[in-house]
Amino acid sequence: MKNTFSIPETLWSTALLVRSAEQHLLKLFEQGKINGTIHTCIGQELVGATIAEYAYSKGDFIVSNHRGHGHFLSCFPNLLSEFFAELTSKQSAICGGHGGSQHLYIDGFLSNGILGSTAPIACGIAYAKKQKKHNNIVTLFLGDGAFGEGVIYEAMNLAQVYKLPLYIICESNNISQSTVTSTVQTGSLTRRAEGFGLATFESSTNELEMHIETTKEAASLARTNTPVFHLIHTQRLHSHSKGDDTRSEKELKALWRKESFK
């Protein structure tokens, strides 16, 4: 990537925090200190970091998913200790140790392990935000593998009908668990969103300066009670969950070479 000097140091610091945290989580899992499972966002850290830097303000709400560590830590780095306490089942943690990796909740953040299920919830929160007239937005994180779920399209329709301050982000990493997305999905995701009248944007974390500007524009528009869909091309560098990765070593090495954040 060129002209990295123009990228704020805080953005890199946030991405590094997320990557370091998740690498440590994988070690803790191997040691048997974490129950359940772990879905890392290694390779996708700059999505959450960019939102935290350019799109998130006090009073906004983040609705995340099973791969949400990066979203949480980017926006709430001050809760790093509480985050680790939650994933290691401590009673003093964010959710008393009951939520674990996929089900985190604080004021301003909610995650759920069922990808796509949070779309109507995000609409409801966005409706409440609009009624309060505080100029806040709700950012909903989805993955490209979620677009076989009808509830997402229902949420897009409602967002447009009620003109909600909803910022929908699709992190497109081209692999749905262990299935190559292109083998089960056709057409354009942005055109699907356009079909409901949503404003659409598209960028890549590997073209970071353009991605930053796109994020700024998309979030700003969402604050005018215009529902927005933002397709972000990125790469998942680790397995879906621990070790279920069917991609070849050659393909993974190519992805590691391609990413912006090392």
Within this structure, what is the CZ-NZ distance for the pair Phe84 and Lys33, rounded to the nearest 0.5 Å? 12.0 Å
For Thr200 and His230, which I'm curious about, is there any donor-acceptor pair between the side chains at under 3.5 Å? no
Phe141 and His71 aromatic ring geometry - parallel, tilted or perpendicular at 30°/60° bounds: parallel
Can you find a pair of side-chain heavy atoms, one from Ser64 and one from Leu104, that are under 4.5 Å apart? no
Ile212 side chain reached by Leu11 side chain, heavy atoms, under 4.5 Å: yes
Heavy-atom closest pair (Ala222 atom, Val228 atom, distance to 0.1 Å) is N-CG2, 3.9 Å
Donor-acceptor pair, side chain of Ser188 and main chain of Arg191, under 3.5 angstrom: yes
Quick one: closest heavy-atom pair of Leu115 and Gly143, and the distance? CD1-N, 3.8 Å
Is it true that atom CD of Glu9 has more than 12 heavy atoms of other residues, nucleotides or ligands lying nearer than 6.0 Å? no
From Lys90 atom NZ to Ser81 atom OG, the distance as rounded to the nearest 0.5 Å: 11.5 Å
Mind checking whether Gln235 and Asn206 have side chains closer than 4.5 Å, heavy atoms only? yes
With a 4.5 Å limit on heavy-atom distance, are the side chains of His211 and Thr215 in contact? yes
Within a reach of under 6.0 Å around CG of Asp107, are more than 12 heavy atoms found that belong to other residues, nucleotides or ligands? no
Can you tell me how the ring of His66 sits relative to the ring of His39, calling it parallel under 30°, perpendicular over 60° and tilted otherwise? perpendicular
Okay, side chain of Arg67, backbone of Thr40: is any donor-acceptor separation there less than 3.5 Å? yes
According to a hydrophobic-cluster definition based on side-chain heavy atoms being under 4.5 Å apart (Ile, Leu, Val, Met, Phe, Trp, Tyr only), do Leu166 and Tyr54 belong together? no
Is there a donor-acceptor contact under 3.5 Å linking the side chains of Gln44 and Asn173? yes
For Ala15 and Leu46, the nearest pair of non-hydrogen atoms, with its separation, is CB-CD2, 4.0 Å
Does any part of the side chain of Ile232, heavy atoms only, come nearer than 4.5 Å to the side chain of Phe201, both counted from C-beta? no
Shortest non-hydrogen contact between Pro120 and Ala155, atoms and distance: N-CB, 4.1 Å
What are the two closest non-hydrogen atoms of Pro8 and Glu53, and how far apart are they? CB-OE2, 4.2 Å
Any side-chain heavy-atom pair from Leu25 and Leu87 closer than 4.5 angstrom? yes
Output field: ring centroids Phe61/Tyr167 closer than 6.0 Å: no
Measure the OG1-NZ distance between Thr224 and Lys163 for me, rounded to the nearest 0.5 Å. 10.0 Å
Please walk me through it: do Arg223 and Asp60 pass side-chain contact (heavy atoms from CB on, under 4.5 Å)? CA-CA 10 Å; Arg223 291 192 191 279; Asp60 290 348; 2.6 Å; yes
Main-chain N/O of Gly100 paired to Glu86 side chain as donor or acceptor, under 3.5 Å: yes
Are Cys170 and Phe147 close enough, and set up right, to give a side-chain contact (heavy atoms from CB on, under 4.5 Å), and what steps lead you there? CA-CA 9 Å; Cys170 174; Phe147 281 77; 3.6 Å; yes
Give a yes or no on whether the backbone of Gly96 and the side-chain of Gln91 come within a donor-acceptor separation of less than 3.5 Å. no
Donor-acceptor pair, side chain of Glu149 and main chain of Gly116, under 3.5 angstrom: no
So does Ile114 have more than 12 non-hydrogen atoms from other groups sitting under 6.0 Å from CD1? no
What do the steps show when you test Leu79 against Phe72 for side-chain contact (heavy atoms from CB on, under 4.5 Å), and what is the final call? CA-CA 9 Å; Leu79 295 178; Phe72 183 86; 3.9 Å; yes
Minimum heavy-atom distance Thr226-Leu221, with the two atoms named: CB-O, 3.5 Å
Under a plain distance cut-off of 3.5 Å, with no hydrogens placed, do Thr14 and Ser74 share a side-chain donor-acceptor pair? no
Apply side-chain contact (heavy atoms from CB on, under 4.5 Å) to residues Val63 and Val138 and explain how you reach the verdict. CA-CA 7 Å; Val63 180; Val138 176; 3.8 Å; yes
I'd like to check Thr214 versus Met210 (side-chain heavy atoms, cut-off strictly below 4.5 Å). Are they in contact? yes
Looking only at side chains, do Glu171 and His233 share a donor and an acceptor under 3.5 Å apart? no
Should Lys27 and Glu30 count as an ion pair when the cut-off is N to O under 4.0 Å? no
I'd like to know whether Asn65 forms a side chain to side chain donor-acceptor pair (under 3.5 Å) with Gln102, so could you lay out the CA-CA distance, the side-chain angles of the two residues, the decisive distance to 0.1 Å, and finally the verdict. CA-CA 7 Å; Asn65 51 51; Gln102 301 180 64; over 6 Å; no
Okay, side chain of Lys130, backbone of Pro165: is any donor-acceptor separation there less than 3.5 Å? no
With ring centroids as reference points, do Tyr127 and Tyr162 lie under 6.0 angstrom apart? yes
Are side-chain N/O atoms of His69 and Ser101 paired as donor and acceptor at under 3.5 Å? yes
Are Phe229 and Arg192 side-chain neighbours, meaning at least one heavy-atom pair lies under 4.5 Å? no
Euclidean distance, Ile94 CD1 relative to Phe76 CZ, rounded to 0.5 Å: 9.5 Å
Checking Glu213 against Lys216 for the salt bridge (charged side-chain N to carboxylate O under 4.0 Å, His left out) test, could you report, in this order, the C-alpha distance in whole Å, the side-chain angles of both residues, the deciding distance, and whether it holds? CA-CA 5 Å; Glu213 292 305 312; Lys216 289 179 182 178; 3.4 Å; yes
